[in-house]
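All remarks here apply to the structure that follows.
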Amino acid sequence: MYRVAGMVDDRLAEVKKGIPDYYDAYQRGIEDYSIECAVAKVFCSDVLALVVDEVVQIFGGYGYTQEYPAERFYRDERINRIFEGTNEINRMLIPGTLLRRSIKGEIPLQEEVMKAVGRLSAAAGEAPSGPFGGEKALLRNLKDAFLVLSGAAVQRFGPKMKDEQETLIALADVAIGAFAIESAVLRAEKIAASGNASRAELAAAAVKTFAFPAAEAAVSAARRAAFYVGEGNTLQMLLSGIRRATRYDASGLLEAKRKLAAAALESERYPL
Ligand SMILES: Cc1cc2nc3c(=O)[nH]c(=O)nc-3n(C[C@H](O)[C@H](O)[C@H](O)COP(=O)(O)OP(=O)(O)OC[C@H]3O[C@@H](n4cnc5c(N)ncnc54)[C@H](O)[C@@H]3O)c2cc1C
């Protein structure tokens, strides 16, 4: 959410005050990030649901009774996946808007699809070296999978793509996963650059703890999309491209989770 807010702020800072169409330009500036806003809305409300469900579970029977706050959190959380655009509608908006902008010629989606096809047909590259190299390779592969699947979907459904809700939702889940993992990496890199070594270590543990299940979910969505849009050789090409994203090496996952848990217990709060 902070990342998206920063993007919108940066964009709006470019709109000159006092120009005749200031409010139109301001509105267009916000609309430029409608995809990212939809990603943040869906991701945050889904994560909130997961967190609050865990809160109820951790409280056990007390979590379910009205005398304790967990039950109230549980009820209040539920609306977030319904209002401000239901998560289904927001999901469909993510690839839907991208495809619409591509048809209008606002973004070179087809060119990017062709580049991604080229990368996936070539031998798998080495993971970038340095911190978060594994996560960066995973991101490259997830983004390529998203692009290639979007291209295959347009090829299969043509102008009717906007009505292919199951495929739009599966593509959205790949995009949301990639955006969220990338946001986690960027945040951790920022923390590392600040020079606080113990916080940087915790952030790296958070990236690993998050990237593993997020990648599994994104890959599952990508496979679902592949079976919706592909058949024969195309399907095999799509599946083999997606397989690259399954190679994420989450060694140290258990230690990372325990490090985070220990830090939360010690500080009695969100440790980052
Ligand atoms: C507590 C609360 C506060 C609210 N506050 C405001 C407010 O301040 N301002 C305001 O304007 N509105 C507000 N709303 C309304 C809210 O935005 C709507 O409830 C929401 O947009 C969903 O619309 P709906 O209830 O008509 O459900 P529906 O649109 O009937 O949706 C029902 C279900 O069908 C799914 N669905 C609907 N259409 C499609 C489709 N084409 N494809 C796939 N699935 C679909 C939805 O995702 C949902 O799961 C509020 C609602 C609540 C409960």
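Atoms within a ligand are numbered from 1 in the order they appear, just like the ligands themselves.
Remark: side-chain polar atoms of N90 are paired, donor with acceptor, to backbone N or O of G85 under 3.5 angstrom. Not one N or O on the side chain of T234 forms a donor-acceptor pair closer than 3.5 Å with the backbone of G230.
Taking every heavy atom of E88 and a limit of under 4.0 angstrom, the matching atoms of ligand 1 come to 46 (C), 47 (O), 49 (O). Close approach of ligand 1 to Q165 (heavy-atom distance below 4.0 Å) involves ligand atoms 40 (C), 41 (N), 42 (N), 43 (C). Every atom of ligand 1 is numbered from 1 in the order shown, and the set under 4.0 Å from a heavy atom of I89 is 38 (N), 39 (C), 40 (C), 41 (N).
Closer than 4.0 Å to atom 52 (C) of ligand 1 lies at least one heavy atom of the protein. Within a 4.0 Å radius of atom 13 (C) of ligand 1, the protein has no heavy atom. Under the 4.0 Å distance rule, the nearest protein heavy atom to atom 6 (C) of ligand 1 falls outside the cut-off.
If you check the side chains of S34 and R101, you find a donor sitting under 3.5 Å from an acceptor.
Y68 and F59 have tilted rings, their planes meeting at an angle from 30° to 60° on a 0 to 90° scale.
Ion pair E112/K115 flagged as a salt bridge, since at least one NZ, NE, NH1 or NH2 atom sits closer than 4.0 Å to an Asp/Glu carboxylate oxygen.
Atom 46 (C) of ligand 1 has its closest protein heavy atom at T86 OG1, 3.5 Å.
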